[in-house]
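The basis for the numbers below is simple: all heavy atoms, side chains too, and nothing from hydrogens, waters or symmetry mates. Numbering of residues begins at 1 and proceeds along the displayed sequence.
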Amino acid sequence: MQIAISGNIGAGKTELTRLLSKHYGYRAIHGQAEENPYLNSFTEDMRRWSFNMMVYSLYANIKQLSELQASGESFIRDRSLYDDACVFAPNLQSMGLMTTRDLNTYTKLFEMTYSLLPKPDLLIYLRGDVPSLIRHIQKRGRDLENSIRLDYLTNLNNRYETWAENYEGKMLVVDIDEYDFVEDREDLGMIINRIDAEFNSLFKQ
């Protein structure tokens, strides 16, 4: 069983991954952004290093997913490849931080490599409005997120919504304004019940 959790910065992907991994006994897989050798260069000159940053991230994610697939383990993954390819890369291009040529090349690489791997059995999309995301970001106090701009989060949110509307696969949408799964165990329980219902429908197919 492969579950991926998608959502904007501050949506709670890491926390939900941890909680669901504990509940189901699945392996928790977290993003590898901090291990990207282009990260520091990217933060200093985003226009120069955006393509390198995204291509390395694609490589690292494909490598990790291939190894997990070969292992046969059930896992829950914090973020999916769709986050980069369908949200973050196009957003960089729209902001003038990645050329259209580079975006097209990156997209072709994504489509070619991702087609070799199965889609997640279930993709959980954490939806939240921008004020909620900002509250979560401020609460956790990560240095790299302190300077995130309101318009940047808003643009990402719009792209996530467009992607979610057109996603072709099993998706469970969780509104973070409705479910406080970190602080409220009943809310977490309701999410688990919804996931179980999705599991049941998968096994019946």
Side-chain angles (χ1 to χ4, degrees), residues 2-18 20-21 28-36 38-39 42-43 46 49-66 68-69 75-95 97-98 102-130 132-133 136-137 140 142 144-145 148-149 152-176:
Q2 177 187 156
I3 301 174
I5 301 179
S6 292
N8 205 343
I9 302 165
K13 298 181 294 295
T14 300
E15 279 298 307
L16 187 58
T17 298
R18 179 183 64 82
L20 294 181
S21 172
I29 306 296
H30 298 287
Q32 301 172 308
E34 293 80 6
E35 300 172 14
N36 193 315
Y38 293 99
L39 179 60
F42 174 72
T43 57
M46 297 175 75
W49 295 104
S50 61
F51 179 72
N52 307 69
M53 172 82 171
M54 298 303 291
V55 168
Y56 186 89
S57 178
L58 177 62
Y59 152 75
N61 284 317
I62 289 290
K63 180 176 182 293
Q64 183 185 67
L65 284 170
S66 298
L68 287 166
Q69 195 67 36
F75 62 90
I76 301 175
R77 193 167 190 270
D78 172 357
R79 293 190 70 184
S80 73
L81 289 184
Y82 298 112
D83 293 64
D84 279 352
C86 301
V87 177
F88 285 90
N91 194 60
L92 286 170
Q93 189 270 340
S94 70
M95 294 172 66
L97 298 174
M98 180 185 286
D102 283 348
L103 176 62
N104 289 340
T105 299
Y106 169 81
T107 301
K108 289 175 182 177
L109 287 171
F110 165 77
E111 291 174 348
M112 179 184 69
T113 53
Y114 198 65
S115 65
L116 302 176
L117 295 170
K119 290 182 178 180
D121 296 298
L122 178 64
L123 195 148
I124 301 172
Y125 168 44
L126 298 181
R127 170 185 284 153
D129 61 23
V130 172
S132 296
L133 298 173
H136 291 180
I137 290 169
R140 66 193 187 189
R142 295 178 184 172
L144 285 174
E145 297 175 348
I148 294 177
R149 291 169 41 172
Y152 180 68
L153 283 176
T154 301
N155 290 338
L156 290 178
N157 244 17
N158 291 338
R159 290 188 179 277
Y160 266 110
E161 285 298 303
T162 299
W163 160 72
E165 289 174 3
N166 296 284
Y167 177 70
E168 296 180 356
K170 200 77 169 177
M171 175 182 283
L172 175 65
V173 179
V174 174
D175 191 329
I176 65 171

Roughly how far, to the nearest 0.5 Å, is [atom2] of [Y] from [atom1] of [X]?
X: I3; Y: L20; atom1: CD1; atom2: CG; result: 6.5 Å
X: D78; Y: R18; atom1: CG; atom2: CZ; result: 12.0 Å
X: D129; Y: N8; atom1: CG; atom2: CG; result: 11.0 Å
X: N155; Y: N91; atom1: CG; atom2: CG; result: 5.5 Å
X: S132; Y: L153; atom1: OG; atom2: CG; result: 11.5 Å
X: E168; Y: L123; atom1: CD; atom2: CG; result: 13.0 Å

Can you pull the side chain to side chain donor-acceptor pair (under 3.5 Å) pairs that have at least one residue in residues 103-114, sequence neighbours excluded?
->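 Those involving residues 103-114 do not exist here.
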side-chain contact (heavy atoms from CB on, under 4.5 Å) between M98 and M54, intermediate numbers included | CA-CA 10 Å; M98 180 185 286; M54 298 303 291; 3.7 Å; yes
Closest non-hydrogen atom pair between [X] and [Y], with its separation:
X: A11; Y: I176; value: O-CG2, 3.4 Å
X: G10; Y: I137; value: CA-CG1, 3.9 Å
X: D83; Y: S6; value: OD1-OG, 2.7 Å
X: L117; Y: S66; value: CD2-OG, 3.9 Å
X: P120; Y: A4; value: CG-CB, 3.9 Å

Step by step, work out the side-chain contact (heavy atoms from CB on, under 4.5 Å) result for R79 and D84.
-> CA-CA 9 Å; R79 293 190 70 184; D84 279 352; 2.7 Å; yes
Walk me through it: do I76 and L16 pass the test side-chain contact (heavy atoms from CB on, under 4.5 Å)?
-> CA-CA 9 Å; I76 301 175; L16 187 58; over 6 Å; no
Not counting sequence neighbours, which residues clear ring-ring contact (aromatic ring centres under 6.0 Å, His included) with Y56? List them please.
->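 Expected list: Y59.
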Within the structure provided, determine whether [X] and [Y] are in side-chain contact (heavy-atom separation under 4.5 Å).
X: Y167; Y: S80; result: no
X: I62; Y: L81; result: yes
X: R159; Y: S94; result: yes
X: K170; Y: K119; result: no
X: D102; Y: L92; result: no
X: Q64; Y: R77; result: yes
X: S57; Y: F88; result: no
X: L116; Y: Q69; result: no

Verdict with reasoning, F51 to Y38, per side-chain contact (heavy atoms from CB on, under 4.5 Å) = CA-CA 10 Å; F51 179 72; Y38 293 99; over 6 Å; no
What is the ring orientation for Y125 with Y160, classed by angle as parallel under 30°, tilted 30 to 60°, or perpendicular over 60°?
->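 If you compare the ring of Y125 with that of Y160, the planes turn out parallel.
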Quick one: list whatever passes side chain to side chain contact (heavy atoms under 4.5 Å, CB included) with N158, sequence neighbours left out.
->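 So N158 forms a side chain to side chain contact (heavy atoms under 4.5 Å, CB included) with T154.
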